[in-house]
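Heads up: the structure comes next, in structure tokens.
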2 protein chains.
Amino acid sequence: MARSARQSKILEIISTYEVDTQEDLVLKLRELNFDVTQATVSRDIKELGLIKILSNETGKYKYAFADTNSQASNKYIFLLKEAVISLKTIKNFVIVRTLKGMASSICSIIDKFNLEDVMGCVNGDDTVMIIFSNNEESEYALNRLENIINS
Amino acid sequence: MARSARQSKILEIISTYEVDTQEDLVLKLRELNFDVTQATVSRDIKELGLIKILSNETGKYKYAFADTNSQASNKYIFLLKEAVISLKTIKNFVIVRTLKGMASSICSIIDKFNLEDVMGCVNGDDTVMIIFSNNEESEYALNRLENIINS
DNA sequence: AATATATATGCATAATTATACAAACAATCT
DNA sequence: AGATTGTTTGTATAATTATGCATATATATT
């Protein structure tokens, strides 16, 4: 089922581009081979609890994460559970293995958790690397992520 | 000009009721003698940076404050500046005098600032009373509010 | 005061979004 | 397997929201 993949891709897209209509999102998804209609995107947005706000930079509307919506964070956690295969820590890094093609989406979800002392978060196709300021913090974050995923 | 009054009334309305359409808001405003159309409400919502989110309680859409929008908070501050006449503190209270009829709106804006140790916030027609847990906190909050208003 | 300029609003409508309904598809049961 | 039930999606459209343009109202300028 492409549903989960599509939804996390949506999270990634809106954290990368300023998407101001659902039709826009449809086009971007189609470029990425998600054959989808506006109706479905409307439903996804509802489930993900995304909101349309005025962008501070451009003054135009854009879709964004709604930090205030707990149903939404549940959804993010669900997506993490779906896509994360393994978690480990080496030195000041946490390495997250994901389903193929999902790493960038997972990266943007992890960003949303605002983990302490994160220096940065990069990804390939199926791997996310979170860089911390020191080894202790990465241990701690690994724990937190494991707890989230097993909750 | 009724514009500021109307906008702060909108803030009050959405923090009191679950408003799910602009037409709804128009009706509520009309009950309060703000003769207004949906077009104007649409523009107000844009300026106030309000968002439409899924209500966690009812599962329906509703308008809400967007905490993430700095243009919006500027707007709240502007409304405070417009409507607040005086600020003083007595014991563990801060007393805010406002333009007539604006107290309830100002109350809901002040709520948004999440001041420390607020026990509660009540209002009449032109007066807001913020109750703190102790006298020091009310002094401190008075200062913060003064700074906000004179910024 | 008269004129010019800026701001706010309504009307009409374009643009956008949500959803009822039907169809496709998947999962479960007998 | 076939029947049953639940889930996801598209189509078509209803519902909602944003906005161009005209007008009114306020503000500033001479």
Side-chain angles (χ1 to χ4, degrees), chain A residues 1-10 13-14 17-30 32-55 58-66 69 71-72 74-75 78-79 81-83, chain B residues 1-11 13-14 17-30 32-55 58-66 69 71-72 74-75 78-79 81-83 99:
Chain A
M1 202 206 340
R3 192 162 160 272
S4 286
R6 185 186 63 238
Q7 292 192 344
S8 57
K9 189 56 77 173
I10 287 175
I13 291 172
I14 67 158
Y17 304 101
E18 304 229 325
V19 178
D20 67 335
T21 65
Q22 296 182 1
E23 209 53 58
D24 236 52
L25 203 43
V26 168
L27 294 178
K28 290 219 162 41
L29 284 166
R30 284 190 181 153
L32 298 163
N33 279 98
F34 289 92
D35 188 7
V36 84
T37 63
Q38 175 268 326
T40 298
V41 166
S42 170
R43 294 178 185 116
D44 285 342
I45 283 170
K46 186 171 189 173
E47 285 173 34
L48 293 167
L50 301 181
I51 57 177
K52 203 171 181 176
I53 53 169
L54 263 198
S55 159
T58 65
K60 291 177 63 184
Y61 280 103
K62 69 166 180 182
Y63 279 100
F65 293 85
N69 189 316
Q71 257 168 299
N74 287 342
K75 193 72 201 188
F78 176 77
L79 291 171
K81 289 181 187 191
E82 286 264 298
Chain B
M1 202 205 340
R3 192 161 162 272
S4 286
R6 185 187 63 238
Q7 292 192 345
S8 56
K9 189 56 76 175
I10 288 174
L11 296 177
I13 291 171
I14 66 158
Y17 304 99
E18 303 230 325
V19 179
D20 67 336
T21 67
Q22 296 182 2
E23 209 54 57
D24 236 51
L25 204 41
V26 168
L27 294 178
K28 289 219 164 41
L29 285 167
R30 284 189 182 154
L32 298 164
N33 279 98
F34 289 93
D35 189 6
V36 84
T37 62
Q38 174 270 325
T40 298
V41 167
S42 170
R43 292 176 185 117
D44 285 340
I45 282 169
K46 188 172 189 173
E47 286 172 35
L48 292 167
L50 300 180
I51 57 178
K52 202 171 181 176
I53 54 169
L54 262 197
S55 160
T58 65
K60 291 178 62 182
Y61 280 104
K62 68 167 181 182
Y63 279 101
F65 293 85
N69 189 315
Q71 257 167 298
N74 287 342
K75 192 71 201 189
F78 176 76
L79 292 171
K81 288 181 187 191
E82 287 262 298
L99 294 177

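To find a chain, count down the sequence lines: A is the first, B the second, and so on, and within it residues start at 1. Below, each value reflects all heavy atoms present in this structure, side chains not excepted, and no hydrogens, waters or symmetry copies.
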Subject >> Rounded distance (Å) that lies between atom P of D/dT9 and atom CD1 of A/I10 >> reply: 10 Å
Original post:
Quick one: does B/E47's side chain get under 4.5 Å of B/Q7's, heavy atoms only?
Top reply: yes
Original post:
What integer distance in Å separates A/L54:CG from D/dT17:P?
Top reply: 15 Å
Subject >> Between C1' of C/dA8 and CD of B/Q7, the distance in whole Å >> reply: 11 Å
**OP:** May I ask you to decide if B/S4's main-chain N or O and B/S8's side chain share a donor-acceptor pair within less than 3.5 Å?
**Re:** yes
Original post:
Can you tell me how far C1' of C/dG10 sits from CZ of B/R3, to the nearest Å?
Top reply: 15 Å
Original post:
Which value, rounded to the nearest 0.5 Å, describes the distance between A/Q22 atom CD and A/K52 atom NZ?
Top reply: 7.0 Å
**OP:** Round to the nearest Å and state the distance from A/I53 atom CD1 to D/dT17 atom P.
**Re:** 17 Å
Subject >> Rounded distance (nearest 0.5 Å) linking atom CG of A/L25 with atom CZ of A/R30 >> reply: 11.0 Å
**OP:** Calculate, to the nearest 0.5 Å, the distance between atoms CG and CD1 belonging to B/D20 and B/I14 respectively.
**Re:** 12.5 Å
Subject >> Partner set under side chain to side chain contact (heavy atoms under 4.5 Å, CB included) for A/K9, not counting sequence neighbours >> reply: A/E12, A/I13, A/L29, A/L32, A/F34, A/S104, A/S105
Original post:
When all nucleic acid strands are considered with a 4.0 Å heavy-atom cut-off, which category describes A/D35: base, sugar-phosphate, or nothing?
Top reply: sugar-phosphate
Original post:
Using a cut-off of 4.0 Å between protein heavy atoms and nucleotide atoms, how would you tag nucleotides 14-19 of chain C 5' to 3' with B, S and -?
Top reply: --SBBB
